[in-house]
Each structure stands twice: as C-alpha cells, then as structure tokens.
Amino acid sequence: MFAYRFSSPAGLPVIEKNADPELSLLLYLRKVLHLKGTKYGCGVGGCGSCTVMVSRYNVKNKTIHHYPVTACLVPICSLYGAAVTTVEGVGSIETRIHPVQERLAKCHGTQCGFCSPGMVMSIYTLLRNHPEPTPDQITKALGGNLCRCTGYRPIVESGKTFSVESTVCQMKGSGKCCMDQEKKSSVNREEKICTKLYNEDEFQPFDPSQEPIFPPELIRMAEDPDKRRLTFQGKKTTWITPVTLSDLLGLKADFPEAPIVMGNTSVVQAGVYFCSDEETIGTGGCGRTANEQREFAGVTIGAGYSLAQLNDALGYIVSEQPKEKTKTYRALLKHLKTLAGAQIRNMATLGGHVVSRPNFSDLNPILAAGNAIINLTSKDGERQIPLDGNFLEKLPEANLKSEEIVLSVYIPHSTQWQFVSGMRLAQRQENAFAIVNAGMSVKFEDGTDTIKDLQMFYGSVGPTVVSASQTCKLLIGRQWDDQMLSDACQLVLDEIYIPPAAEGGMVEYKRSLIISLLFKFYLKVRRGLNKMDPQKFPDIPEKFVSALEDFPINTPQGLQMFQCVDPRQPPQDPVGHPVMHQSAIKHTTGEAVYVDDMPPIAQELFLAPVTSTRAHAKITLIDVSEALALPGVVDVIRAEDVPGDNNHNKEILYAENEVICVGQIVCTVAADTLAHAKEAAKKVKITYEDIEPRIITIEQALEHNSFLTVEKKIEQGNIEQAFKHVDQIIEGEVHAEGQEHFYMETQTVLAIPKAEDKEMVVHIGTQYPTYVQEFVAAALNVPRSRIACHMRRAGGAFGGKVTKPALLGAVCAVAANKIGRPIRFILERDDDMLITAGRHPLLGKYKIGFMNNGVIKAADLQYYINGGCTPDESETVIEFAVLKSENAYHIPNFRCRGRACKTNLPSNTAFRGFGFPQATVVVESYIAAVASQCNLLPEEIREINMYKRCSQTAFKEMINPEPLRKCWKKCLEKSSFYARKLAAEEFNKKNYWKKKGLAVIPMKFTIGMPETYFNQAAALVHIYIDGSVLVSHSGCEFGQGVYTKIIQVASRELNIPSSYIHLSETSTVTVPNGSFTAASMGTDINGKAVQNACQILMARLQPIIRKNPKGSWEEWIATAFKESISLSTTGYFKGYQTYMDWEKGEGHPYPYFVFGASCSEVEVDCLTGAYKLLRTDIFTDAAFSINPAVDIGQIEGGFIQGMGLYTTEELKYSPEGVLYTRGPDDYYIPTVTEIPEEFYVTLVHSRNPIAIYSSKGLGEAGVFLGFSVFSAIQDAVTAARRERGLATNFTLNSPATPEMVRMHCMDQFTDMIPRDDPSTFTPWSIRVS
C-alpha cells in the first residue's frame, strides 16, 4: 500500500495505492485529484507557480520538517509517508481564508492571479517554520517565485505584515519618514496626499497554533520498525524505494544502470522523464546518506542532505568554529544564498549535485578548491575519491563505478594560511545559472606570501567544470604580487580556451570573467594577508576595496502616494478608493478558474503541436504513420483538414507546402492524454528542402529588400536646411532587442464542437474574443454567429494574447471540428515561447544637429523593426514607433521614417507599450550622445529640449505639456536628484571597480488607437428582481483590474454598493463585435459603455425614485418590474474620435497623452558587469485615479517589466533562426531581488475631461519608465570610462546585460583576452535587430 496525505479542501487524507512512477505531483494534483489551485507555469521548477508544502517526520530527532517544493519536478512515488499541503488546504472562501491569502489579496499583491497560489505557499511554508519571520527571510522565501504583473513590491509587503520588525519606511537610515518629507514639501497644500493602499486593521490575526497538525498516521508509518521495500510498476518505469542502505546497495548491484532519484531537480533537466524504460531507485533518506558528522579536521555531510539542509548545517558550523577554519564553508554559504530558489534548494541534494557534475555547478568548484573528498559505498565496500579536477572533468579513471553510490562528502577545515573563495556572475542575482563561476584556493608557506598550493576551478566555460591545473603548477613558489597576477591571467587564458563558436555564446565576456574573477580572488587574498600581518603584507588600494563586496539582497521598501478621495464624496461611492482586485481572494485561494482549470469534458482530447525545425524550406514529406500507431492517438490534423481559410489575414494556421520560420505549426496530434499527444508529436517525421534566402536579421532583410509594410513617415520643419545651421552633427545606430511576454499562464484553448448547426464553443485566454471568433469562423467556413467565444480571465497577457490566441484557437477548432470531440490545447512553456514570439526587435539610425549649448535643432530618424514571417501587428507597431518617436522633446526640424521588415522568424506581435519602449531607446541614446558632446548631463539636455508650452507635435497634434513639466519637476525635487548625483560622483572618485549612476527620464506616452472604430465599446447591464446587477462588456480581465474598475463605475452610476454588482465573463454571445483590450484603453472605453447603460437604467428608474425617494434599491427595482419597466439595456461608447493621414503625415491619432518621469540609481560592478538597483522614484500623471491601488500596481509592474526589457531579458537566436531561450532556465525576467531597494511611486493629479471621471489609462506607461535603470547603468559606465580615459560618447544597445556593461567598462583585463576574427567562425547566437 502506498500512502501519503494531502491537505485537501475537506481536510481528509488522500490514499493512493497505485502510484504511477511517470507521474509528477503537479499532474497528480491537477488531473487525478482535480485540485487546480496549483498551476503549471514552466514545467522545469523555475517559476514557482506550482509551489506546494511538503512535510515529513524525522524519526531521529522527532521533529516535523516543512519545506516548499515545485510540484512539477516531484515524482509522485517519492512522497511515500509525506504530507503535502496545497493552496486548497491552506484556506478557501467556503471554509476559512488564511491570513496569508487574505493579506496577499488586500495588500494588492495579486493582479492576474496565476502566480498567487505559489506565492501563498512560499510564504505559508515560511510561517510554518518561522511564525514571526524577518523581512529578509520573506524576501529569501520568495526568491524562487516569478511574477510578471505586480513588480513584487506588494507581495513582499504582504509578507512583511507577519514580521515583528517595523515596516515604516526610513529614508537612508536618517529616521525621517517619506510621509513627513512629502507633507513638508507639498506644492499644493490643498491637495491632500494619501500613502496607504490598505488598512491593516482589517486583517484577521495570525495564530500559528491553529495550523493543521501533522497526520499521526504518518508518524506511525515513519516509526514502523518493519518498513518494507516499496515497488511501483508503471507502463515503462519501475520505481523502487529501499528501506535501508544495504537494501539500496543490493538494488544498485542488481540494477547498476538505474539512476538514484533524490530531489529530481537535474533528472528532468537532463531530459530523462523519471528514468523512462529503466529501473528507478528512490532513496527518500536511507540511513547514513542523510547524516552530518563533525570531525576534528573537517565535516562530513550526508549525500541525502538537501542544499537547504546543507546551508543550515554549514551556518551552524561557521557560528561555532574559528573563522580561519571556515573559509570553505563560508564560500559555499555565499553561493547557497543565490543558487536557484528556495524550492529547488529544498529538493536538490548535495550528493546529487556533486555526482551529476553539471558544468554550471556553483558548489563543485568550491568543494574542489577546498579539497573535498567523496565517500562512496557499494556491496563490495567503501572507498574515497577526491572531488578534484579529474572528477569534475569526468575523466574515466575518476568516475564512479556503476554499482557505487555517494554516501557522503567530507569537507576539510581551512587552515590559517589558506584562503578559499567562490565567485559567480549570472544574468540576475538569484535563481539563474551562472555565466561563469569559480572556486579558488591558495595555501601559503606559513608566515609568507609564497604560494605552496594553488587551485582554480571554473564553471560554465566548457562542457564540464574546468581545472586550471597547469597554471596552478607553474605558479607554485611564486610570491602573491602584481607580477604573479599578470602572469596568472595570461596563463589561465592560455590554458582555458573557449572556442569562438562555443555553445552559450558570450565568448569574449566569459574570457574576461575568467581573469576578472581571478583578480577579485587576488585582491581578497591580499586583503586577508594584510589583516594577518599589516606590517609584512601591504593592503590593497582603498579604491579597490569595494570590488570585494558582493551586492547584498535587501528587502525592498518604499511608499506609494496618491490623491485622497474628497471627504465630501458619499462613503458608498468606491471611485477613487484603492479597492482590492475583485478576484483577489479567489486568486490567493486558488479558486479562480482559468481555462485549463475547467473540469474535464466527456470524450475530450489533448492537442500537441508539431513545429517546423527549418526557417525557410519546402516540405517534401510528412510521415505520420508512426505517430498514429501509438496508444491513445486519435488523429493527426494537417492543412488539408481546414474546411475554410487556412491563411486568414495572411496568418497561416497549418503550414502547407512550405515553412517560413522555425516554430511554425505544421500539424497537430490529438490524443487521449497530453503525454500521449506529446509522445506522438515527436514521432511525426518531416523532411525538408531548404529555400534561399533565409532571412533572420534586420540587416539581412534590408539587404534583400524584404518588407511587410510601406514606409511610414512624420516630418516637420526643414531638416536639410536646419543641418546647415547647427554647431555639431552626430550620427549613430542603436539596436533594441525583443522581449518575451512570459505571461505566467501559457496560451490555452478549449474548443467544444456542438451537435447542431456547426456551432463551436471556444473557451480561451485572450485580449480579443472578437478576433478569435473571426479566425475560427473563417477556418471552419461558418458565419461568426455560430462561434461562441468565452473569456473569463487570463493569467497575464501584455499584448501576447491579442492576435496569437486567434490563430491557436482556429488551429484547435479545426481539430475539434474534424474529430467531433472537445479539444484542449495548452501550450507548454517552451512551445509557447517558440511559436508566439514577442516584442519587435528594432534597429534605429539617427542624425542629430545641435548647438553647443545643447539645443537640438534637427533630428532625422530611421526605424526598422523585425516583424517576422507574417504581418500580425507589425504595421501598427511601426506606426506607433514613428508617431511616438519624439518622446517628450520638441525638436523644430524633425523627421522619422519607419518600416517593418519581413524575416524568417515567428511573427512578432503586440507587446505592452507597442513600439514605444523600443523607439525611445534610440531617442534617449541620441540625447546621451548630445550630452557627451556638449559636456552636459543628459538630464540637462532633456530639460533644454523638453516641450515647454502648448505646441504641435511632429504629426500636427496639439499638446499641453504642463503635466509633463510637473512630473519632471517633482521627480527632480523629491528624488533629490542633484544632491544624490553629487554623492554618486564622490562615491565614484573613491571606488575604481564599482560605480554609481543616476538618471532621470521624462515620458510623453499616448493611449488608444488612431482609428475611431477600434476605440468603440459596448456593454450589457441586467438588473434582477432582487436588486443584484450583472454587467457584461467587451473588456477582458487579465490582471490589469478592468473588471474591478468597471464595478466601481457601475456602483457610482447606480448608486449601489459594489457587492450588488457581478461580472462573470467576457463573451461574444453577450457583447458582440468588441474591440481588443489593449492600448491602455480597457477602462476608458468599456467604462464609458457601462456608464451609458447605467445612466439609461437610472433614467428609467427616476419616476419610481421620485415617487418613493426614501425607498431602498430593492424596493425601487421590485416596483419597476411590476410596472413593466425594462431592467436590462445595452450601453455604447462610439469611441474617441481619432484619425491619422499617413499621406500628409498628420492627424489626431490618440485621444490624450500620459506623462511621467522616473529617476533610478544603480551601482555597477565594472569587473563583472553586475548591477544593483538602489532606488527608483516614479511620478506619473494619472489625472484622477479611479483606483489608485490598481493604477500604482500597473505602474510598478510595468516598470519592472520594462527594467527587464532593458537589462536582464535577452532572447538568443541561432544564425539559422532557432530560438534558444525557451524557458525560465535561460530567459531571465526580474525576480524579487532585482526590484529597487527603495521604491517610491506618486500619482500626480491633473485633469482629463475627455475620459471617464477625468481618469487616464496607465496600463502601459510604466514600461518605458524602466528605461531610467538603463540610463543609470549607462551613467555608471560613463563614469568608469571617463576615469579610464576612454570615450564617453559610446552606444549602449538594449538590453544592457552584464555582458554589455562589462565589455564597455574596458580595462587591462578586457585588453588581455584573445579576440577572434568574426569572418573565421559562425557564432552560436546572433542579434536579430
């Protein structure tokens, strides 16, 4: 019998007697137990959406250990005797909401809600172990959870409400509160500012004693002296769980090739799905493998220790032992803080990590440098092998024998004259594989700086961890001085050769890191020797000291400021209040239903795509015979199965004779389970003949004159004449790469064919149900009225669910139509990233004429975007990029031209900001270039050229820049920019290898569309006899809070409490022909439509109200019904009157402007390119905010997403057009550790009479404000280059990754590295902008 316990909603134990070894805990929860609160986000343990709590009883010390895990990686068979708590077991609306769930919701820590159950489980698990956690523990607990919506700040804040430490924001440790500062410096004292988005008094108290007890039956099972070996037989896999070490050794002798599974964190990554077709041995903690032993000369750690347990053990040893003995342990602890996330650290084991020997290992290089020894055992006895270079480089003589297992790892104490250090550099600070890491140790002859022993190990520079053994041998006997360092750098570069086309790319950067990290170690040792004997060993220069310090991970703090509600406003009126998201509680309890959470439908099938592996090729054969022969497979759907249009709007559903990008859908496989569908998809054989040209980059498109659109142009003044009358002219070229949406919920479709009239019901996560309806109808060759598209909510969208769901919905509907059964089509993360593409890469060229005082007289810009292989949204994106190409600057002679290039990449599409975030990279780049030439600050150039009075834009639209100037002025003042700039300059004088940078950027953004018909909206409002109200409209909810704001609008207009109003879903059945929910206009247009409907209904009710003015709402409605007054109506908003005449280059394309300014401060490590965001101040022109909590959430989330675009998020393509970055393991969105340590957001009040309640749409504006981080990085790099005598007029392309930053901070180490002739090799990856 197989038993474990889940905390189910009913609180009852769940017994599974026939566990399937191939089943993960995530699939078991969702498909077997139908507990849908735990979400699928990535499938590789990298996003935290599937976090649950596992609890186990420790027989040895009689304690219960609670720890978080990612359910997608946990084999169900590994949970024998464990209690598993899911979000449903923590609390629910029907039973009792747990304080964690309540506070995350009320602190506005949820937007789309898809990541919220995982966030809840991470905080909940922390509270089970630490009922009063410190803020640092909260931040650490969330390190393995990704959120794309909120920007993390409110999530952390919700966790801090459980902390006993003060959460009052203290500015710079001065003890002064931001609130006091704001009050004292308030410009308009009549405008009262509020700073609290929630009320802690509403929180229910947290009582740790009320948590569920660990099931006593599991304690009895654990203490059972007669435990027996467990065997679970699957269709392809046998899972065996031994009871004792001798039992395990016997099994290993019988099945020497069977892998031992402990945490399963690397088995899946290696591509082996629970050891298919093999015997799998799960150890679960067998005797001596899970022990820790402290000895006189070192410590022995059991192989079964998780990395989290290893961290605790080493922390205790460090606290007990003298510092000189714990250098290796402290080096390991430093890396354990940032290695993966808390979930993986609790799953992965020391033994598994050591023996798998990944080339990116953060721990093995340090263990090797510390002379660790691996203790092995088998039926034949025990032996020891050194954890050294031979072992890490996988030399045959150093390998384990097939029947051996790792028993433990012995780590010696360090000695007085020994130094051990670990260093790493990754794209982001936590939960990211190292680009390069190192473990180094040096031992000196006692009392000298003469090298007695030296070891250097590097990770991620080759197929294995690499030992610089020859270099170390040659340096024995040398003194630890600058000459030794110079020789060591040259020697190690000669010994560790990274080929120019090496997998992973970044070759020159990795070469520089090899010696930069060696230099850091050199400095650290020099400092250590000086501390031991200051007279004998000179200290390092004071300006070098900061190079030794890693950036800390601090808990973010800050303040949110917004206009208080007028005290004369009726208490019942919610408009202007920071109202909680209407689904927030459902998000945090896991009860919010997304498409894949919908219950199984009778006879439903699952769909898996087969995609092209070539960028441009003729299809010569599609062989599906092997796929169709597999069990569970029902059919393979191809182009010929499309009854209608397979190429609607030039978007191809199924490739027919030719493929035009890698990732294009060629066919799909329908099967009874997703596993069967995926397995069969791999068996479809497609043969190709390549077609030339294969166009991947913008440069290649220009070479082949390959375009999707005609040129778009705006122009004012006389460019050519202006260039003749300026002091200086500069020209430049800027690249801005693309971005993956990385919405937490991947694309999801459920298509249900109806028995009559060729009807089809489609449940889908989309921003544009009408477009889905259009595509499905066209593909099936039926009228749109036969297609019902339902959209309740989506787990994030950001533009990625405007057009792509239409194509995928049609693909799915064609399959459902052919087979006549419901089809569920859920893209896995890697397929989603491959198929749906993202933000358009942009190449910008500029020519700028300006005066020596910084006044720009002429600007000539040329934009090209990489549109991919089909039109999609590329024409609109390039139009937006051109129209918004001024940003906030008024240049009298201005021209911008733009064109979308056609390439053989998947079609790029809409993305939050819609061309503006890329286009303004070019604008701000030339601003920085002008500043450099004029020897002025970029901020001075910005202010000189900013719009100052009512003027016309380059496309002849009037603009009043007063709110822009107000935001700019407030940002400079409240951020103390100039004072902090001076402080940063002082810091930079005192620090050679670390530099601080500050930047303030202004923003002139627009909302809406240039065509009036896209700005229209409709609504349907029903009032029922009991007084309850049902509102339907064309807006889609995907986290931005449009449903919440619509409820606020309806509440005000009907003058009833929000609790009376319900929004169920967005559907083409209730509101036809709806526009997309995008361009920041969801509330603008749908709010107007709902307002119109409510006003019509109130007008009908007025006679009744006048007759009975003191009556209740319910009485009025009952009377109206009896008097046969219709209580249902449609509402309509014709749309903002906008237009654009591209032939004349003028128009009124947008209804209004949104202004803002952002100031960011960073600190950059010039040796590695790493940076830390210290502080950000944002001021956004919100006019009157309908919901400050929602609006601030959009600004913060947009800012962090924009920061990711400009810094850590890097898409990598092969020269053949293959996307490499297809998941969280290699595509790095910001985590909680990347957000500003101090984060201040202010909504600036203004007027906007054109919009509902004088509000403004703020969904997208925050993205570009993230560019202030890029500009601050550029400022820091400029400071470094200036000190090194390098040109300060340089181009920093986007994203400003650590690689880009390091390679621009040129120094003696970058000068040392070998450079390869680009014509002699094909690089691993290329930029496509």
Do [X] and [Y] have a side chain donor and acceptor closer than 3.5 Å?
X: Asn887; Y: Thr920; value: no
X: Thr1297; Y: Arg1302; value: no
X: Thr1176; Y: Ser1160; value: yes
X: Gln111; Y: Gln1040; value: no
X: Thr1233; Y: Gln429; value: no
X: Thr1231; Y: Glu1234; value: yes

For the pair [X] and [Y], find out whether any cationic side-chain nitrogen is under 4.0 Å from an anionic carboxylate oxygen.
X: Asp1275; Y: Lys981; value: yes
X: Glu886; Y: Lys1004; value: yes
X: Arg153; Y: Glu1196; value: yes
X: Asp1165; Y: Lys520; value: yes
X: Asp1181; Y: Lys1256; value: yes

Residues forming a ring-ring contact (aromatic ring centres under 6.0 Å, His included) with [X], sequence neighbours excluded:
X: His1304; value: Phe1290
X: Tyr1228; value: none
X: Phe742; value: none

Results of side chain to side chain donor-acceptor pair (under 3.5 Å) for [X] - residues two or more places apart only:
X: Lys995; value: Glu1283
X: Thr139; value: Thr555
X: Thr1221; value: none
X: Tyr1227; value: Glu1209

- Message: It should be assessed whether the SG atoms of Cys564 and Cys194 lie less than 2.5 angstrom apart.
- Response: yes
Side-chain heavy atoms of [X] within contact of [Y], under 4.5 Å:
X: Leu517; Y: Thr1168; value: yes
X: Met1003; Y: Phe1155; value: no
X: Asn437; Y: Met423; value: no
X: Gln560; Y: Thr195; value: no
X: Val1269; Y: Tyr1206; value: no

- Query: Out of curiosity, Ser1185 OG to Leu1243 CG, how far, rounded to the nearest 0.5 Å?
  - Reply: 5.5 Å
- Going from OG1 on Thr1180 to CG on Asp1191, what distance comes out if it is rounded to the nearest 0.5 angstrom? 9.5 Å
- Message: According to side-chain contact (heavy atoms from CB on, under 4.5 Å), who are the partners of Asn1293, at least two apart in sequence or on a separate chain?
- Response: Val734, His735, Thr1291, Arg1327
- Task: Identify, with sequence neighbours excluded, every residue that meets side-chain contact (heavy atoms from CB on, under 4.5 Å) alongside Gln1308.
- Result: Trp993
- Task: For this output row, return yes or no: ring centroids of His890 and Tyr947 closer than 6.0 angstrom.
- Result: yes
- Does Lys884 make a cation-pi contact with Phe1005, if we ask for NZ or CZ under 6.0 Å from the ring centre and within 45° of the axis? yes
- Task: Examine Lys196 relative to Phe562 and say whether NZ or CZ is less than 6.0 Å from the centre of the six-membered ring and inside a 45° cone about the ring axis.
- Result: no
Minimum-distance pair of heavy atoms, taken over all atoms of [X] and [Y]:
X: Ile856; Y: Phe850; result: CA-CB, 3.9 Å
X: Gly915; Y: Ala881; result: O-CB, 4.0 Å
X: Lys996; Y: Ala984; result: CB-CB, 4.0 Å
X: Val156; Y: Ile138; result: O-CG2, 4.1 Å

- Hey, could you give me each pair passing side chain to side chain donor-acceptor pair (under 3.5 Å) that has a residue in residues 930-941? Not counting sequence neighbours. Gln728-Gln933, Ser932-Thr1288, Gln933-Asn1289, Glu939-Arg942
- Query: Judged by atom type as modelled, is there a donor-acceptor pair below 3.5 Å linking the side chain of Glu1237 to the main-chain atoms of Arg1175?
  - Reply: no
- Between Glu1161 and Arg980, does a salt bridge (charged side-chain N to carboxylate O under 4.0 Å, His left out) hold up when you go through it step by step? CA-CA 9 Å; Glu1161 179 179 7; Arg980 287 167 54 210; 2.9 Å; yes
- Who pairs with Lys334 by salt bridge (Lys or Arg N to Asp or Glu O under 4.0 Å), at least two apart in sequence or on another chain? Asp550
- Check against side-chain hydrogen bond (donor to acceptor under 3.5 Å, both in side chains), Thr1208 and Gln427: CA-CA 6 Å; Thr1208 63; Gln427 195 89 333; over 6 Å; no
- Enumerate the residue pairs fulfilling ring-ring contact (aromatic ring centres under 6.0 Å, His included) with a member in residues 964-988, sequence neighbours excluded, ordered by first and then second residue. none
- State which residue, out of Phe911, Phe1153, Phe1264, fulfils the ring pair (Phe, Tyr, Trp, His ring centres under 6.0 Å) condition with Phe916. Phe1264
- Query: For Tyr152 and Glu157, what are the C-alpha separation, side-chain angles and deciding distance, and is it a side-chain hydrogen bond (donor to acceptor under 3.5 Å, both in side chains)?
  - Reply: CA-CA 9 Å; Tyr152 299 100; Glu157 194 161 311; over 6 Å; no
